[in-house]
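Convention: sequence-line order gives letters A, B, ...; per-chain numbering from 1. What's counted below: heavy atoms across the whole structure, side chains too, no hydrogens, waters or symmetry copies.
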2 protein chains.
Amino acid sequence: MDVESLGDLAQKQIRELIITGAFKPGQQLKEEELCSRFQISRPPIREAFKMLEAEGLVTRKPRRGVFVAEMTPKDIWEVYTLKAVIYQMAAALAMAVMTDEDAQALEAAVAQMTAVVASPPVDLRQYQLHHRVFHEIVMTLAGNDRLAKIERNLRFQVSRISYTSLKDPTHLQASLAYHRQIAAAMKQGDRPLACRLMKAHVLEALDLALTLLPVDSGEPVRDRGAAPLSADADLLEVAL
Amino acid sequence: MDVESLGDLAQKQIRELIITGAFKPGQQLKEEELCSRFQISRPPIREAFKMLEAEGLVTRKPRRGVFVAEMTPKDIWEVYTLKAVIYQMAAALAMAVMTDEDAQALEAAVAQMTAVVASPPVDLRQYQLHHRVFHEIVMTLAGNDRLAKIERNLRFQVSRISYTSLKDPTHLQASLAYHRQIAAAMKQGDRPLACRLMKAHVLEALDLALTLLPVDSGEPVRDRGAAPLSADADLLEVAL
DNA sequence: TTTTCGTCTATTGTATACAATAAAGGTGAA
DNA sequence: TTCACCTTTATTGTATACAATAGACGAAAA
């Protein structure tokens with residue numbers, strides 16, 4: 001019945017608290033505090049910490065404690081550029097096995113997204129939900145569990161930021177348009193176009209995320225060269 | 001001084017035992033056995049298990065125990081196709097900031113690899129070492145820590161297999177030739193060529209790995225379609 | 001002979017207790 | 001008043017002890 005250990009449960013709950021923003025970046029997570037919150041003892045909490053650390057959601061300072069991971073502009077850049085590549089790979093793999101029904105499922109997801117946007121006030125949670133369905137269809141078709149795991153992890157790391165991005169009406173419209181075009185390109189079997197659109201979609205999100213980020217941390221983004229910390233579309237032009 | 005916790009130490013040691021093949025795939029890792037081996041108590045061992053599980057090196061069956069992860073052909077395919085994309089992205093990013101000195105460092109690594117191959121009996125460990133230096137230079141230049149972490153993880157998962165692959169003289173020669181060409185392409189700034197070579201290099205390794213794998217598990221590789229579980233070079237043609 | 005049920009044991013899951021360390025605060029002297 | 005050092009305290013790191021569960025083995029009945 002209760003197959004999940006308390007450690008796994010705690011991991012999920014703490015993760016949820018982090019990605020929803022209840023636990024803010026930089027905040028220390030004290031073991032005893034979480035013990036009393038979840039009414040369990042410390043070992044499961046510690047195990048949850050270890051897993052969350054591996055996921056990159058918390059950082060551990062030895063003998064100091066664990067803290068919610070902070071996102072610098074560099075971190076944002078890292079996650080989004082990776083997402084651009086991951087999504088392109090997923091799209092390419094998915095198109096190799098996609099059927100007409102799959103294409104229709106994608107279009108249905110886009111239709112749902114359209115419906116949400118068309119009926120103000122826009123329910124962002126709802127939009128996010130259908131948006132996720134869209135990408136989940138693609139990931140499932142791709143058939144690479146490790147790819148899906150990486151995508152999931154990257155999504156967690158920028159979940160708050162990507163949610164905030166949707167509050168920008170212009171970006172919301174652009175996002176919707178992108179997904180409509182991506183679905184069409186995938187249906188028609190135009191792989192280069194689908195990949196280009198996927199890349200452009202993610203890199204546009206990156207640009208917005210960088211502007212949304214509080215500009216408190218002015219650390220350099222790239223160590224070498226004067227490459228700006230932005231959406232270098234050309235740079236991500238590689239052959240999968 | 002001893003900044004690392006026993007859990008972190010245990011993780012490293014167990015991981016080393018797994019990737020060197022001392023702990024075989026499918027083998028159960030009993031907590032008490034490792035306790036007596038490392039002369040520590042169970043909590044640090046359990047923490048190490050959690051981290052290794054997140055890395056994908058072990059799988060945990062609830063109330064049963066943890067087992068060294070097994071690699072099916074599907075798993076091999078997943079890891080290598082991901083590596084192909086990861087390495088291409090790394091190469092593309094690296095070339096954007098690469099200096100002449102960096103190019104020379106790459107060529108130096110290739111020279112070391114060449115020297116090892118030229119002096120039989122070939123010291124595979126030594127070759128592997130210089131091979132890793134080559135890719136580490138590229139990853140460092142890429143400047144994406146998350147990308148590096150993913151690459152590291154993927155490398156761990158197929159470390160035994162990739163080592164075994166080197167015992168094939170033909171593949172060893174091909175590997176060397178690839179890296180020489182990749183270094184040249186990166187030096188000349190020919191990004192498409194460098195990416196294509198990276199992809200071809202990894203996908204060739206995939207084909208070999210699939211033949212080397214014991215054919216005990218005949219499970220289907222892809223759920224949908226009749227796509228063969230091989231190096232679909234074209235399929236991985238996407239725009240980073 | 002086979003199958004099923006029950007007990008038993010080995011192993012994981014959880015809790016409590018103890019040790020060690022690092023940061024914070026206070027006290028002393030310069 | 002300020003700085004250095006000591007003491008204290010809060011928090012993590014580790015160990016031991018207990019509980020629960022799943023699998024194995026054996027016995028009994030069909």
Gap between atoms [atom1] and [atom2], on [X] and [N] respectively (whole Å):
X	N	atom1	atom2	value
B:Arg60	D:dA22	CZ	C1'	15 Å
B:Leu29	C:dA10	CG	P	20 Å
B:Lys61	C:dG13	NZ	C1'	18 Å
B:Glu32	D:dC18	CD	P	15 Å
B:Arg63	D:dA22	CZ	P	7 Å
A:Leu9	C:dT14	CG	C1'	13 Å
A:Leu34	C:dA15	CG	C1'	17 Å
A:Leu6	D:dA20	CG	P	13 Å

Decide yes or no for [X] and [Y]: does some side-chain heavy atom of the first lie under 4.5 Å from some side-chain heavy atom of the second?
X	Y	value
B:Ile137	B:Val133	yes
A:Leu141	A:Leu93	no
A:His179	A:His135	yes

Tabulate atom names and distances for all N/O pairs under 3.5 angstrom spanning the protein and nucleotides 6-10 of chain D.
none

I'd like to know if B:Arg155 pairs up with B:Glu151 as an ion pair, taking the criterion as any Lys NZ or Arg NE/NH1/NH2 lying under 4.0 Å from an Asp or Glu carboxylate oxygen.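 Salt bridge between B:Arg155 and B:Glu151, a charged N being under 4.0 Å from a carboxylate O: yes.
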
Under a 4.0 Å threshold between the charged nitrogen and the carboxylate oxygen, would B:Lys74 count as salt-bridged to B:Glu78?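 Yes, charged N to carboxylate O under 4.0 Å.
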
Can you sort out which residues in residues 36-52 of chain A have a heavy atom within less than 4.0 Å of DNA chain D? Ascending by number, please.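 Per residue number, the list reads A:Arg42, A:Arg46.
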
How would you list, by chain and number, every residue that makes a side chain to side chain donor-acceptor pair (under 3.5 Å) with A:Glu136, sequence neighbours excluded?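 So A:Glu136 forms a side chain to side chain donor-acceptor pair (under 3.5 Å) with A:Arg132.
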
Measuring from the side chain of A:Arg64 (C-beta onward, heavy atoms only), which nucleotide among D:dA22, C:dT12, C:dA22 has the closest atom?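 The listed nucleotide nearest to A:Arg64's side chain is C:dA22.
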
So, taking the atom named CD1 in B:Ile150 and the one named CG in A:Leu154, what distance separates them when rounded to the nearest 0.5 Å?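 Between atom CD1 of B:Ile150 and atom CG of A:Leu154 there are 5.5 Å.
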
Taking atom types as modelled and ignoring hydrogens, do the side chains of B:Arg146 and A:Gln157 form a donor-acceptor contact shorter than 3.5 angstrom?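 Their side chains do contain a donor-acceptor pair, which is all the 3.5 Å distance test asks for.
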
Are B:Arg15 and B:Phe23 in a cation-pi contact, defined as NZ or CZ under 6.0 Å from the six-membered ring centre and within 45° of the axis?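 No, B:Arg15 does not lie over the aromatic ring of B:Phe23.
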
